[in-house]
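In what follows, every chain begins at residue 1, and chains take the letters A, B, ... in the order their sequences are listed.
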2 protein chains.
Amino acid sequence: MDQIGDKWSMLIMRECFLGTRRFEDFYDHLGISKSVLSGKLKKMVDQGLLKKTPYQNEGERTRYEYRLTQKSRDFRKVLIGLLSWSNKYLVEEGNETMYILDSNDNPVHLEVVDDELNSVPLRETRMVIKSKSGDRPSFV
Amino acid sequence: MDQIGDKWSMLIMRECFLGTRRFEDFYDHLGISKSVLSGKLKKMVDQGLLKKTPYQNEGERTRYEYRLTQKSRDFRKVLIGLLSWSNKYLVEEGNETMYILDSNDNPVHLEVVDDELNSVPLRETRMVIKSKSGDRPSFV
DNA sequence: CAGTATCCGGTCTGATACTG
DNA sequence: CAGTATCAGACCGGATACTG
């Protein structure tokens, strides 16, 4: 939560997954103020969530764009989960405006699987803490 | 992000997945102040993320505990994704202290799948916006 | 135990203005 | 266009004290 638990980090990453790369486009799409956006982008570059790379259009001066890194690309699963959840619980049925599709435009979702890719029902999963001392139960 | 994008909501849900139900236990485990915890629990009950149910131990007065709802139970996938991500990028290898296991204590992870449960590589997925007007590209 | 009320300082935000 | 600087207000969070 310290890394990405603020109001904007995930929204900026989602923007990136939607294809946004330039300062102005983030600004236009997110409804964020420029100063805040500037600070967030900088912080996310520092965190290794974005990389700032130069590019140049014909005859224009050099510009910079913000691209995902492996670290933030791997965050996509979290965003997929969040999107599925919000489509189910926060958006009125039929009003969903965002989806995740595969290359054949079929919808995809997340499954919990074991190492052999066998699906594991959610209720058979447990979140455990590896505690050296017994101060906290490792079974739930 | 408006619903669960604050500092504490997801951490409280994680506590619930770890088995915590009572005010004092949240308080002890999370390092949160009582007033903030009180407010968050109340808000999460309002949001349908927790339900407050009475219980009574032998000879004690009635107490209340906070339990997950279907809405928050469905949030588990998001937390699994977040945990996998943070284990990979934020925790030094070998120092992970939390895991998700199935009923045979085998580790589980998230996979993106289509409706037939065929695994879909992340890079073949696209996040799209269903826009009525053409103001925002629906392809990425 | 399970909270609520109050205070107060730090953080985050957007608005505005400015720069190369 | 792509930011940075500044600023005032909202908001959040913890500490403390209090209640049934």
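Taking atom CG of residue A/Leu37 and atom P of nucleotide D/dG3, one finds them 8 Å apart after rounding to whole Å. Residue A/Lys34 contributes atom NZ, which lies 10 Å from atom P of D/dG3 at whole-angstrom precision. With rounding to whole Å, A/Leu41 atom CG is found 11 Å from D/dA2 atom C1'. The CG atom of A/Asp6 sits 15 Å away from the C1' atom of D/dC11 (whole-angstrom rounding). The CD1-P distance, from B/Ile32 to C/dG3, rounds to 13 Å in whole Å. For the pair A/Tyr55 OH and D/dA2 C1', the interatomic distance rounds to 10 Å; values are reported in whole Å. Per the geometry, OH belonging to B/Tyr27 stands 13 Å off P belonging to C/dG3, to the nearest Å. Between the CG atom of B/Leu30 and the P atom of D/dG14 there is a distance of 10 Å, given to the nearest Å.
When the nucleotides C/dG3, D/dA2, C/dG14 are ranked by their closest atom to the side chain of A/Ser33, C/dG14 comes out on top. Out of C/dC1, C/dG14, D/dG13, the shortest distance to the side chain of B/Arg63 is found at C/dC1. Listed candidates were C/dG14, D/dG3, D/dG13. Nearest to the side chain of A/Lys52 is D/dG3. Looking at the side chain of B/Ser35, the nearest of the listed nucleotides C/dC1, C/dG14, D/dG14 is D/dG14. Among C/dA2, C/dT13, D/dG13, the nucleotide with an atom closest to any side-chain atom of A/Lys40 is C/dT13.
For the side-chain contact (heavy atoms from CB on, under 4.5 Å) test with A/Val128, the passing option among B/Thr97, B/Leu101, B/Ile100 is B/Leu101; the others fail.
The two residues B/Phe26 and B/Cys16 come nearest to each other via the heavy atoms CZ-SG, 3.6 Å.
Contact between the side-chain N/O atoms of A/Trp8 and the OP1/OP2 oxygens of C/dT13 is found at a separation under 4.0 Å. Within the 4.0 Å cut-off from OP1 or OP2 of C/dC1, not a single side-chain nitrogen or oxygen of B/Arg22 is found.
Using a 4.5 Å cut-off on side-chain heavy atoms (C-beta onward), B/Asp28 and B/Thr20 make no contact. Contact annotation: the side chain of B/Val112 never approaches that of A/Asp102 to less than 4.5 Å [non-hydrogen atoms, C-beta and beyond]. Contact annotation: the side chain of A/His109 approaches that of B/Val113 to within less than 4.5 Å [non-hydrogen atoms, C-beta and beyond]. In this structure, A/Gln47 and B/Leu90 have side chains that are not in contact, with every pair of non-hydrogen atoms separated by 4.5 Å or more. When side chains are defined from C-beta on, B/Ser84 does not count as touching B/Asn87, because their heavy atoms never get closer than 4.5 Å.
Contacts of B/Arg61 with the nucleic acid, taken as non-hydrogen atoms under 4.0 Å apart, include base atoms. When heavy atoms are screened at a 4.0 angstrom cut-off, A/Tyr66 is found touching the sugar-phosphate backbone but no base atom.
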If a pair means Watson-Crick or G-U wobble with both distances below 3.5 Å, what does DNA chain C look like in dot-bracket form, with | marking bases paired to a different strand?
||||||||||||||||||||
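Residue-to-nucleotide proximity on DNA chain C shows that, of B/Phe23 and A/Gly31, the 5′-proximal contact is made by B/Phe23.
Listed by first and then second residue, the ring pair (Phe, Tyr, Trp, His ring centres under 6.0 Å) pairs involving residues 53-78 of chain A are A/Phe75-B/Trp85 (not counting sequence neighbours).
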